[in-house]
Engineer: 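Pasting in a structure now, in structure tokens, and then I'll have a few things to ask.
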Protein chains: 2
Amino acid sequence: MMRGKVQIKRIEKPTKRQVTFAKRRNGVLKKAHELSVLCDAQIAVMIFSDTGRLYEFSSCNLQEMMQKYHKHGKDVHISKLEVQKYMEELKGDSDSMINEIQFLQLYDRKLVGDGLNSCSYDELDEIQKQMEKSLRTVRERKVQLLAEYVENLRAKEKYLLDESAKPSTDKHKEGTGSLGSEVETGLCIGLPQVRY
Amino acid sequence: MMRGKVQIKRIEKPTKRQVTFAKRRNGVLKKAHELSVLCDAQIAVMIFSDTGRLYEFSSCNLQEMMQKYHKHGKDVHISKLEVQKYMEELKGDSDSMINEIQFLQLYDRKLVGDGLNSCSYDELDEIQKQMEKSLRTVRERKVQLLAEYVENLRAKEKYLLDESAKPSTDKHKEGTGSLGSEVETGLCIGLPQVRY
DNA sequence: AAAGCTATTTATAACTG
DNA sequence: TCAGTTATAAATAGCTT
């Protein structure tokens, strides 16, 4: 018998709270169901008891509800399965990249003569050969750059000699400015600060 | 005035359905709120009208509700915001790893004398110095290994000479087996397949 | 604790302005 | 179409079993 209207505040007595929970929980779920049928509305209700048990009602697939909810610009929810798949993919990429970095770092250390204590004599031999080959390549490249530099200097010298030999009136006619700048440009790019 | 109990089936008259929706919707949301307060329960209610408008109630963060729901082994939903945050983190890691790999790869190519065409003379000079230094380190290490090998050989030679000078009865008393195996072990680990 | 009962409150269908 | 009213159905607090 209802004596006096109920105060909407936490019921402290656990037994009473438990009983009220069971009754009102059913009430809410029933009302939700009725509303969905009577008014052709989509409704989802999720209830967790204070003991952590789940009671739910959904007039349709909850997934759909989430997507609809999402479209309303609220915080968005997507399937965990989908996310997991993507996560694993990223994780795989990440792992293989870490492996590659470690490999490259070890390789680098060996190439600069560090971390060699773990190498066998044969490995050292192989590394030495590689280094000698690389060194030859570097030296060849240096020689090539120097050769280009010398070539540019000769071209410039020739150009200057030709210019000074010509009469001053012809200078603009020949379009000489472009050749001059080509030579200079080549020189600057090739050897900004030469040391040898 | 309620004449007769209501039939729980779709209300066909749109106006009537609309009115009933508004009233019952408020009823459900109110009941949900009361239940959450009275019984200290977590409740979420989502209602979409047939016109697509959203009405909702949640006793706490809906995000939390989803995670709780997830833990109950249902098909799982988690917050997209959360996922996005994690994704961006992974993406950031991934990008920086890609950068590092590219840097290391370029560095490697230069160290083995490839991709040098883009290097300035000064850079080549620097690489050459590094290589010469590394080469010295490798050669020193090879010399060190050879020296250890020779040392081991001498130790073995001495051991064999001592052994053959002793009378055969003393062999077991001296515990010579252990010295012998030490020498051999050191030799094998240091230089498995020597070439020089 | 779970199920049933009943006095009452609460929700709401139909009506009204 | 929207509040407000009212008669009635439905929900439920406190009780009993």
Side-chain angles (χ1 to χ4, degrees), chain A residues 1-62 64-65 68-69 71-74, chain B residues 1-62 64-65 68-69 71-74:
Chain A
M1 317 86 173
M2 312 274 271
R3 1 178 187 251
K5 56 184 274 188
V6 288
Q7 299 283 320
I8 302 302
K9 65 177 186 183
R10 186 187 143 91
I11 298 166
E12 294 301 333
K13 202 158 172 281
T15 314
K16 195 186 170 201
R17 191 168 67 238
Q18 178 65 35
V19 171
T20 298
F21 176 75
K23 288 181 174 179
R24 280 181 173 259
R25 186 195 68 215
N26 290 333
V28 169
L29 294 174
K30 187 182 173 196
K31 287 281 184 190
H33 170 250
E34 290 180 356
L35 179 52
S36 74
V37 173
L38 285 168
C39 305
D40 203 23
Q42 287 187 296
I43 305 176
V45 180
M46 258 180 278
I47 304 174
F48 288 96
S49 71
D50 57 1
T51 60
R53 210 205 291 289
L54 169 66
Y55 305 86
E56 63 178 315
F57 167 79
S58 182
S59 62
C60 62
N61 190 314
L62 224 145
E64 275 179 56
M65 288 294 285
K68 238 182 158 172
Y69 190 70
K71 282 179 195 142
H72 272 262
K74 301 279 180 173
Chain B
M1 319 86 176
M2 312 272 275
R3 357 179 192 252
K5 54 184 275 188
V6 288
Q7 300 283 319
I8 302 302
K9 64 177 186 183
R10 186 187 142 93
I11 297 167
E12 295 301 335
K13 202 157 172 280
T15 312
K16 196 184 170 202
R17 192 168 66 241
Q18 177 66 36
V19 172
T20 297
F21 176 75
K23 287 182 175 179
R24 281 182 171 260
R25 185 194 71 214
N26 289 334
V28 169
L29 294 175
K30 187 183 171 196
K31 288 282 184 191
H33 170 250
E34 289 179 357
L35 178 51
S36 74
V37 173
L38 287 168
C39 305
D40 204 23
Q42 288 187 297
I43 304 176
V45 179
M46 259 180 279
I47 305 174
F48 288 97
S49 70
D50 57 1
T51 59
R53 209 204 293 287
L54 169 65
Y55 304 85
E56 63 179 313
F57 167 80
S58 181
S59 63
C60 62
N61 192 315
L62 224 145
E64 277 177 55
M65 290 295 286
K68 244 184 152 168
Y69 188 71
K71 283 179 194 142
H72 272 261
K74 303 277 178 174

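Letters A, B, ... are given to chains in the order of the sequence lines, protein chains preceding strands, and every chain is numbered from 1. Computation of the quantities below employed the complete heavy-atom set of this structure, encompassing side-chain atoms and omitting hydrogens, waters and symmetry-equivalent molecules.
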Engineer: Find the distance A:E34:CD to D:dA11:C1' and express it as a whole number of Å.
Structural biologist: 11 Å
Engineer: How far apart are the closest heavy atoms of B:R17 and A:C39, and which atoms are they?
Structural biologist: CG-CA, 3.5 Å
Engineer: Find the distance between CE (A:M46) and CD1 (B:I43) and round it off to the nearest 0.5 Å.
Structural biologist: 11.5 Å
Engineer: Just the rounded figure in Å: distance from P of C:dT12 to CG of B:L29.
Structural biologist: 11 Å
Engineer: Write down the distance between NZ (B:K5) and P (D:dA9), rounded to a whole number of angstrom.
Structural biologist: 10 Å
Engineer: Just how far, in rounded Å, is C1' of D:dT12 from NZ of B:K30?
Structural biologist: 13 Å
Engineer: May I have the distance from B:H33 (atom NE2) to C:dT10 (atom P), rounded to whole angstrom?
Structural biologist: 15 Å
Engineer: In whole angstroms, how far is the P atom of D:dA11 from the NZ atom of B:K31?
Structural biologist: 8 Å
Engineer: Over all heavy atoms of both residues, which pair between A:K9 and B:V37 is shortest? Give the atoms and the distance, please.
Structural biologist: CA-CG1, 3.5 Å
Engineer: Residues of residues 7-24 of chain B with any non-hydrogen atom less than 4.0 angstrom from an atom of DNA chain D: list those, numerically ordered, please.
Structural biologist: B:T15
Engineer: When you match B:V6 and B:L38 each to their closest nucleotide on DNA chain D, which lands nearer the 5' end?
Structural biologist: B:V6
Engineer: Within this structure, what is the CG-to-P distance between A:L35 and D:dA11, rounded to whole angstrom?
Structural biologist: 13 Å
Engineer: What is the minimum heavy-atom distance between A:S59 and A:S36, and which atoms define it?
Structural biologist: CB-CB, 3.7 Å
Engineer: For A:H33 versus A:F57, what's the shortest heavy-atom pair and its separation?
Structural biologist: CA-CZ, 3.5 Å
Engineer: Hey, does B:L29 have a side-chain heavy atom less than 4.5 Å from the side chain of B:I47?
Structural biologist: yes
